[in-house]
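Just so we're clear, the structure is a prediction, and the values are computed from it rather than from any experiment.
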Amino acid sequence: MRKATLGPAERAGSLAAMAERELDVLVVGAGVVGAGTALDAVTRGLATGLVEARDWASGTSSRSSKLVHGGLRYLEMLDFALVREALKERGLLLERLAPHLVKPVPFLYPLRHKGWERLYAGSGVALYDAMSMARGHGRGLPVHRHLSRRHALRVAPALKKDALVGALQYYDAQMDDARYVTTLVRTAAAYGAQVANHARVTGFLREGERVVGARVQDREGGGEYEVRARQVVNATGVWTDDTQAMVGERGQFHVRASKGIHLVVPKDRIHSTSGLILRTEKSVLFVIPWGRHWIVGTTDTEWDLDKAHPAASSADIDYLLEHVNAVLAVPLTRDDVQGVYAGLRPLLAGESDATSKLSREHTVAHPVPGLVVVAGGKYTTYRVMAKDAVDEAVHGLDQRVAECVTEDVPLIGAEGYRALWNARARIAARTGLHVVRVEHLLNRYGSLAEEVLDLIAADAPLGEPLPAAENYLRAEIVYAASHEGARHLDDVLTRRTRISIETFDRGTRSAREAAELMAPVLGWDEDQKGREVEHYRKRVEAERESQRQPDDLTADAARLGAPDIVPL
């Protein structure tokens, strides 16, 4: 079983190693596409580096709907190729690549009209299942079924009786998006990639017209490195145009940002054993099971303000509440909302001004020698995007390079996961943890859960829950800093765990204890611990204030009231 530790020493070593010798491929941006590109390149035998200006998945890839899906609504647009590709990838993730992280999830689609709607929608869902099965990657999910209104209300008693005449139930899949990206990065590192977060590219190195590397600023240590690479891949998502501007060349395409917001509410606020998918006048609305919570989303509106911290306005929240309450017998209120998060989709700019009509497909280009750009796409098909990006980079390497193998490379934690899952009762008895805790660890770390259990074995108090965030063990906070590259409190409370959206206080009551747990690993003194906690509290205050503002402009101004963390 491969392992990869991304602690402070490993990060420093990676930065030094990248500066010491020329890489074959340097990937800029560690969202899901950048992380996937690094894994693809390194598993072809290429010397690979990956740098990220902030934290793994700190942009779009930690703020999605957390779904791995084929794109059922794209069938209605007759985009069969996109759906076929996404369904294949969904199957690979569920069955082979990441069964510890990607799980089946049921959805109920309420029917509002008798006769024609059941035939129309049912035909679409039947085709969806058939396309999945045809590629041999759909056997892990149950097929759809037709439900009467009575049966549907037994599945989802929260629905108004007059909100449906019947329903369809089908299955897709979901994951913790930020955790998935962290696992991707660790897998790339396990195969030999040099990786560093909080390392910002400030410019590209040029020899004539050719890009030959990048200047990388260590935002933690303060140093700057020249990282030389035969090919550089720009995988910066909504920052694609900004990164391209450093080259001084006009891009072959442009990326526009579309904002999507989500609400997180406690499980007991919506009585249902299935997720929901609802039509709106613009798109679809999901109510997604999420542990002891529901995620309600999403919106789709143009965003041209701050990309690092997109803000959810009061109008965004009202929009989601209005549409979900249209079908709920007991409506949700603002008081029911535990968490709110906003993300930006990187859409390829087209002729239409409506972001819902911009392309969800991806594009790869080679705008200048030595530089590859990959943009667009959707989370589910990240592996295909990564393959296409590396294929393009290989054209500029002037050597024979192996074909993509990531279809057969499970992420770390996948190997042995099912065997450990079957033994979870024995593991609970051995460790003294409740079996539910063991299941929680296995579904977050897979077979690497043994490393978390080792921390508890060495220090028993780490087996206790984190105060005010009882879903997580104290050991997970330590592990995030020692093994998963977390450098700041925000990294842990927002991405390594989801405490920032799963508690009504949004993690402020857990912040001090979490900082105390991280401090020995990261070498923080009392002053730094205090700065970390204060920064996190200000961030939460700014987010709450932004969510009280009436529109994007005022919400953005309020959110920017909290400065970014200042490292040591």
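A distance of 11.5 Å separates CE of Met175 from OG1 of Thr183, quoted to the nearest 0.5 Å. In this structure, the separation between CD1 on Ile295 and NZ on Lys66 is 5.5 Å, given to the nearest 0.5 Å. Here Leu46 contributes atom CG and Leu23 contributes atom CG; the two are 10.5 Å apart, rounded to the nearest 0.5 Å. Taken to the nearest 0.5 Å, the CD atom of Glu95 stands 9.5 Å off from the CG atom of Leu93. Rounded to the nearest 0.5 Å, atoms CZ (Arg269) and CG (Asp335) are 9.0 Å apart. The CG atom of Asp55 sits 11.5 Å away from the OG atom of Ser61 when rounded to the nearest 0.5 Å.
Within the 4.5 Å cutoff, the side chain of Trp524 has no heavy atoms near those of the Arg531 side chain. Between Thr299 and Leu320, some side-chain heavy-atom pair lies under the 4.5 Å cut-off. Taking 4.5 Å as the limit, every side-chain heavy atom of Val51 sits out of range of all side-chain heavy atoms of Val227. Contact check for Ile270 versus Val265: side-chain heavy atoms found under the 4.5 Å cut-off. Using a 4.5 Å heavy-atom cutoff, the side chains of Ile477 and Thr497 are in contact. For the pair Glu224 and Asp218, the minimum side-chain heavy-atom distance is 4.5 Å or more. Proximity of Met18 to Val216: side-chain heavy atoms (C-beta onward) are nowhere separated by under 4.5 Å. Taking the side chain as every heavy atom from C-beta outward, Val181 and Ser62 never approach each other to under 4.5 Å.
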Set out, in order, the CA-CA distance, both residues' side-chain angles and the distance that settles salt bridge (charged side-chain N to carboxylate O under 4.0 Å, His left out) for Lys529 and Glu516, then state yes or no.
CA-CA 7 Å; Lys529 283 188 284 187; Glu516 294 287 350; 2.9 Å; yes

After noting the C-alpha distance and the side-chain angles of Glu545 and Arg548, does the key distance pass the salt bridge (charged side-chain N to carboxylate O under 4.0 Å, His left out) rule?
CA-CA 5 Å; Glu545 182 61 28; Arg548 288 190 282 266; 2.9 Å; yes

Go through the steps to decide whether Asp491 and Arg495 satisfy the test salt bridge (charged side-chain N to carboxylate O under 4.0 Å, His left out), and finish with yes or no.
CA-CA 5 Å; Asp491 297 345; Arg495 285 172 292 278; 2.9 Å; yes

Apply salt bridge (charged side-chain N to carboxylate O under 4.0 Å, His left out) to residues Arg498 and Asp176 and explain how you reach the verdict.
CA-CA 9 Å; Arg498 306 323 284 263; Asp176 181 329; 2.6 Å; yes

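Remark: the Asn197 side chain and the Arg487 side chain contain no N/O donor-acceptor pair separated by less than 3.5 Å. Under the 3.5 Å distance criterion, with hydrogens and angles disregarded, no donor-acceptor pair is assigned to the side chains of Tyr417 and Asn422. Side-chain polar atoms of Arg506 and Ser500 form no donor-acceptor pair below 3.5 angstrom. Side-chain contact check for Thr236 and Asn234: at least one donor-acceptor pair (N or O, by modelled atom type) lies under 3.5 Å. Of the N and O atoms on the side chains of Thr37 and Asp40, not one donor lies less than 3.5 Å from an acceptor on the other residue. Glu89 and Tyr382 share no donor-acceptor pair across their side chains, judged by distance under 3.5 Å alone. A side-chain donor-acceptor contact under 3.5 Å links Tyr472 and Glu502. Defined by atom type and a distance below 3.5 Å, a donor-acceptor pair is present between the side-chain atoms of Asp177 and Ser64. Looking only at atom types and distance, the side chain of Thr494 has a donor-acceptor partner in the side chain of Arg539 under 3.5 Å away. Using modelled atom types and a 3.5 Å distance limit, the side chains of Glu543 and Gln547 yield no donor-acceptor pair.
Under the 3.5 Å distance criterion, the side-chain polar atoms of Thr202 are left unmatched by any main-chain donor or acceptor of Gln217. Using modelled atom types, one side-chain atom of Thr187 and one backbone atom of Ile412 make a donor-acceptor pair closer than 3.5 Å. Using a distance-only test at 3.5 Å, with no hydrogens or angles considered, no donor-acceptor pair links the side chain of Ser65 to the main chain of Leu67. Although no hydrogens or angles enter the test, the distance criterion places no donor-acceptor pair under 3.5 Å between the side chain of Gln528 and the main chain of Gly523. Gln549 places no side-chain N or O within 3.5 Å of a backbone atom of Ala555 that could act as its donor or acceptor partner. The backbone N or O of Leu473 lies less than 3.5 Å from a partner atom in the side chain of Glu476, making a donor-acceptor pair. With Ser272 contributing its side chain and Ala158 its backbone, the two residues share no donor-acceptor pair below 3.5 Å. With hydrogens and angles disregarded, no donor-acceptor distance shorter than 3.5 Å links the side chain of Ser14 to the backbone of Ala196. Judged by distance alone, with hydrogens and angles left aside, the side-chain atoms of Thr381 form no donor-acceptor pair with the main-chain N or O of Val384 at under 3.5 Å. A donor-acceptor pair under 3.5 Å is absent between the side-chain atoms of Thr43 and the main chain of Val405, judged by distance alone.
Nearest heavy atoms, Gly416 versus Ser447: C-CB, 4.4 Å. The heavy-atom pair separating Ala514 from Leu466 by the smallest distance is N-CD1, 4.3 Å. Residues Gly377 and Met385 come closest through the heavy atom pair CA-SD, 3.7 Å. The minimum heavy-atom distance linking Ala4 with Arg186 is given by the pair O-NH2, 2.6 Å.
Within 6.0 Å of the CZ atom in Arg544, the count of heavy atoms belonging to other residues, nucleotides or ligands exceeds 12. Other residues, nucleotides and ligands place more than 12 heavy atoms under 6.0 Å from the CZ atom of Arg430. Summarising the local packing, NZ of Lys538 is surrounded by 12 or fewer heavy atoms from other residues, nucleotides or ligands at distances under 6.0 Å.
Taking the six-membered ring wherever Trp is involved, the centroid distance between the rings of His198 and His488 falls below 6.0 Å. Between His262 and Phe286, the distance from one ring center to the other does not fall under 6.0 angstrom.
With respect to Arg474 and Asp459, no salt bridge is recorded, no charged nitrogen being found less than 4.0 Å from a carboxylate O. In this structure, Arg96 pairs ionically with Asp408, as a charged nitrogen and a carboxylate oxygen lie closer than 4.0 Å. By the 4.0 Å N-to-carboxylate-O rule, Arg179 lies close enough to Glu484 to be salt-bridged with it. Salt bridge annotation for Glu407-Lys387: absent, with no cationic side-chain nitrogen under 4.0 angstrom from a carboxylate oxygen. Asp306 has no carboxylate O lying under 4.0 Å from a charged side-chain N of Arg559, or vice versa, which leaves the two without a salt bridge. A salt bridge is defined here as a Lys NZ or Arg NE, NH1 or NH2 lying under 4.0 Å from an Asp or Glu carboxylate O, and Glu532 with Arg537 fails to meet this definition.
Both the sub-6.0 Å distance and the 45° axial angle are not jointly satisfied by Lys259 relative to the ring of Tyr341. Under the 6.0 Å distance and 45° angle rule, Arg424 counts as a cation-pi partner of Trp421.
Ring planes of Tyr180 and Tyr379: perpendicular class, angle over 60° (limits at 30 and 60°).
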